[in-house]
Amino acid sequence: MLEVRNISANKADYILALKKRNFEAESIFEEILKLDEKRRSTQKQLDEIFAESNKLSKEIGILFKSGEVEKANAMKAKTANLKSDSKALSESMDQVSVDLQNMLYQVPNVPHESVLAGQDESDNEEIFAEGDIPKLSEKALPHWELAKKYDLIDFELGNKITGAGFPVYKGKGAKLQRALIAYFLDKNTEAGYSEVQVPLLVNEASGYGTGQLPDKEGQMYHVGNDDLYLIPTAEVPITNIYRDDLLNEKDLPIQLTGFTPCFRREAGSYGAHVRGLNRLHQFDKVELVNIVKPEDSYQVLDDMVSHVKTLLQELKLPYRILRLCGGDLGFTSALTFDFEVFSTAQDRWLEISSVSNFETFQANRLKIRYKDADKKKHLVHTLNGSSLALPRVLAGILENYQTDDGIRIPEVLVPYTGFEWIK
RNA sequence: GGAGAAAUGGCAGAGUGGUCGAAUGCGGCAGUCUUGAAAACUGUUGAGGGUCACACCUCCGGGGGUUCGAAUCCCUCUUUCUCCGCCA
């Protein structure tokens, strides 16, 4: 959520920047500023009425104490109007606040200056690529065939237990996934992140805080009996740890990493491009969350990108980094880099990480602030990124590391798997 | 799941209808003293809105109500604790 005072101060710049994501902000900004004006003036009137009635009440109290009951009762009569006025004003105040809030919820984050205008993912810019794409034998298979051949993942069994998109990992497939989780968490903690284990179900307030609600409600599984949501990413519970907190400058930066399963309804996506591990309803992911001072956030974003690069370099997977264009940028993000690994047997790129700076957009909703040395309060900047999304890394490893004799395990994972080959 | 108790500032803990945004203690910050530190003493110390700055307004778990006036009374929700039951 953007801050009203920033909208007011940077209106023209914001309108221009939001055009890059094809969002026409002009008229909604007008309405927002108008509503904010109304909110302030209503608040002012309300305050005056409260001040008046507080004063009268005090006087009545004093009169009662000194036994001047007649005078006190006479004074009581004066408060009747104030009461009805204040009731009407508070109602209109509530309405204005709700309207303003709803209006603000509709506006996406302002893209960073480096973000290019664009329609969709085809306009994303590739800014970096690394790693050799292996030359596979003619017998090379896509990962879902490999999973079957070596009995690593059973998609049909998942259908039976739950439904499509809930695979069962088996044997070395399960072990390889566990190895990746442990490897990623170890690398993250070595890089200074603290590991957390968080709830997989979150309440509505948390969903609103990180921006999944109200705009992505249909993407999350909702547990109706208890009005809770299954998390679509660890970002939600981890960032919400600090919801409504006033931090000290010395507490920053806060760097957290956590492994969780993620649940996404992915309503409306079917077909060949979602085969195998490409898109699931439940998948594992290791996440990075940074809560930092505003002036540090772009350095931290760079650090996160470098860190994720290291993981892919060590796994020796061919990957590229894209800077998302305005049209593909997430609602809450100011700047996002996507990492994609090349899935050789499918001959396509698979997104395995998305690293974003939300600046104050989430912090404003979440009310995460910090006090600086002069005791001034500022909103923090929040960032997050995957390190990494497991199934697609798994797909990349299976496909890129396959040989006619079996699948080799990347060297850095062998200490975690305890085996070098899947045969 | 059943029975009871509770929820107040960073923490502990007073406060049961009227100058209470809230005693007191601890902690924090600033100062005095000291070569320095500790101790002692003095002052200061919640959040949000509003203002050039004051004034002023809101907030005592959340929501609603009674009242001229609510931390205090009523309703409701949530959470915590104790006892019982169940249980990885």
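A quick note: this is a predicted structure, and the numbers were derived from the prediction, not measured. Here is the naming used below: chain letters follow the sequence lines, and residue numbers restart at 1 for every chain.
- Rounded to whole Å, the C1' atom of B:C73 lies 16 Å from the corresponding atom of B:C60.
- In a base pair of the Watson-Crick type (N1 to N3 plus N6-O4 or O6-N4) or a G-U wobble (N1-O2 and O6-N3), with each distance short of 3.5 Å, B:C54 is matched with no nucleotide.
- Between chain A and RNA chain B, the heavy-atom contact criterion of under 4.0 Å yields a 5' to 3' nucleotide range of B:G18 to B:G69.
- The P atoms of B:C59 and B:A70 are separated by 9 Å, rounded to the nearest whole Å.
- Judged purely by atom type and a 3.5 angstrom limit, A:Lys377 has no side-chain atom pairing as donor or acceptor with the backbone of A:Arg369.
- A search for side chain to side chain donor-acceptor pair (under 3.5 Å) contacts involving A:Asn364 returns nothing, not counting sequence neighbours.
- Annotation: B:U34 and B:U24 have their P atoms spaced 30 Å apart (nearest Å).
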If you look only at distance, which donor and acceptor atoms sit under 3.5 Å apart when one is on a side chain in residues 2-9 of chain A and the other is two or more places apart or in another chain?
residue, atom, partner, partner atom, Å
A:Glu3, OE2, A:Asn6, ND2, 3.0
A:Glu3, OE2, A:Thr360, OG1, 3.4

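- Within 4.0 Å (heavy atoms only), A:Lys377 reaches sugar-phosphate atoms of the nucleic acid but no base atom.
- Annotation: proximity of residues 32-49 of chain A to RNA chain B (heavy atom, distance under 4.0 Å) is found for A:Arg40, A:Asp47, numbered in ascending order.
- Under the ring pair (Phe, Tyr, Trp, His ring centres under 6.0 Å) criterion, the residue pairs touching residues 283-314 of chain A are A:His112-A:Tyr298, with sequence neighbours excluded.
- For the C1' atom pair drawn from B:G50 and B:C11, the interatomic distance equals 31 Å after rounding to whole Å.
- Within the nucleic acid shown, A:Lys367 has no heavy atom closer than 4.0 Å to any nucleic acid atom.
- At the heavy-atom level, A:Ser57 lies under 4.0 Å from base atoms of the strands shown.
- Shown for residues 83-105 of chain A: residues whose heavy atoms fall under 4.0 angstrom of RNA chain B, namely A:Lys83.
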Kindly list each side-chain donor-acceptor pair under 3.5 angstrom involving residues 411-423 of chain A, sequence neighbours excluded, with atom names and distances?
residue, atom, partner, partner atom, Å
A:Tyr416, OH, A:Asp186, OD2, 2.7
A:Thr417, OG1, A:Leu413, O, 3.4
A:Thr417, OG1, A:Val414, O, 3.4
A:Thr417, OG1, A:Phe419, N, 3.2
A:Thr417, OG1, A:Phe419, O, 2.7

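- Nucleotide B:C73 forms a Watson-Crick or G-U wobble pair with B:G65, both donor-acceptor distances falling under 3.5 Å.
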Acceptor/donor pairs from residues 74-84 of chain A side chains to any protein atom, 3.5 angstrom cut, sequence neighbours excluded:
residue, atom, partner, partner atom, Å
A:Thr79, OG1, A:Lys76, O, 2.6
A:Ser84, OG, A:Asn81, O, 3.0

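- Qualifying ring-ring contact (aromatic ring centres under 6.0 Å, His included) partners for A:Phe337, counting only residues two or more places apart in sequence or in other chains: none.
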Result block: side-chain N/O donor-acceptor pairs under 3.5 angstrom for residues 243-254 of chain A, not counting sequence neighbours:
residue, atom, partner, partner atom, Å
A:Arg243, NE, A:Asn240, OD1, 2.7
A:Arg243, NH2, A:Ser206, OG, 2.9
A:Glu249, OE1, A:Ala373, N, 3.0
A:Glu249, OE2, A:Lys293, NZ, 3.0
A:Asp251, OD2, A:Asn248, N, 3.0

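- Nucleotides B:G21 and B:G9 have their C1' atoms positioned 9 Å apart, rounded to a whole Å.
- If you check every strand for non-hydrogen atoms under 4.0 Å, A:Leu56 touches nothing.
- B:G43 and B:G25 are spaced 11 Å apart, taking the P atom of each and rounding to whole Å.
- Comparing A:Leu246 and A:Lys55, the nucleotide of RNA chain B nearest to each residue sits closer to the 5' end for A:Leu246.
- Screening residues 189-234 of chain A for ring pair (Phe, Tyr, Trp, His ring centres under 6.0 Å), with sequence neighbours left out, gives A:Tyr105-A:Tyr208, A:His222-A:Tyr229.
- With sequence neighbours left out, A:Glu287 forms a side chain to side chain donor-acceptor pair (under 3.5 Å) with A:Lys285.
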| Passes side-chain hydrogen bond (donor to acceptor under 3.5 Å, both in side chains), A:Glu145 versus A:Gln402? Steps please. | CA-CA 12 Å; A:Glu145 300 285 354; A:Gln402 65 180 307; over 6 Å; no

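- The residue A:Asn54 sits close only to the backbone: its heavy atoms come under 4.0 Å of sugar-phosphate atoms, none of a base.
- Rounded to whole Å, the separation between the P atoms of B:C74 and B:A7 comes to 13 Å.
- Going from the P atom of B:A30 to that of B:A38 covers 11 Å, rounded to whole Å.
- Among all heavy-atom pairs drawn from A:Ser41 and A:Lys38, the shortest one is OG-O, 3.1 Å.
- Each of A:Ala51 and A:Thr79 has a nearest nucleotide on RNA chain B; the 5'-most of these lies closest to A:Ala51.
- Nucleotide B:C83 forms a pair with B:G2, judged by Watson-Crick or G-U wobble geometry with both contacts under 3.5 Å.
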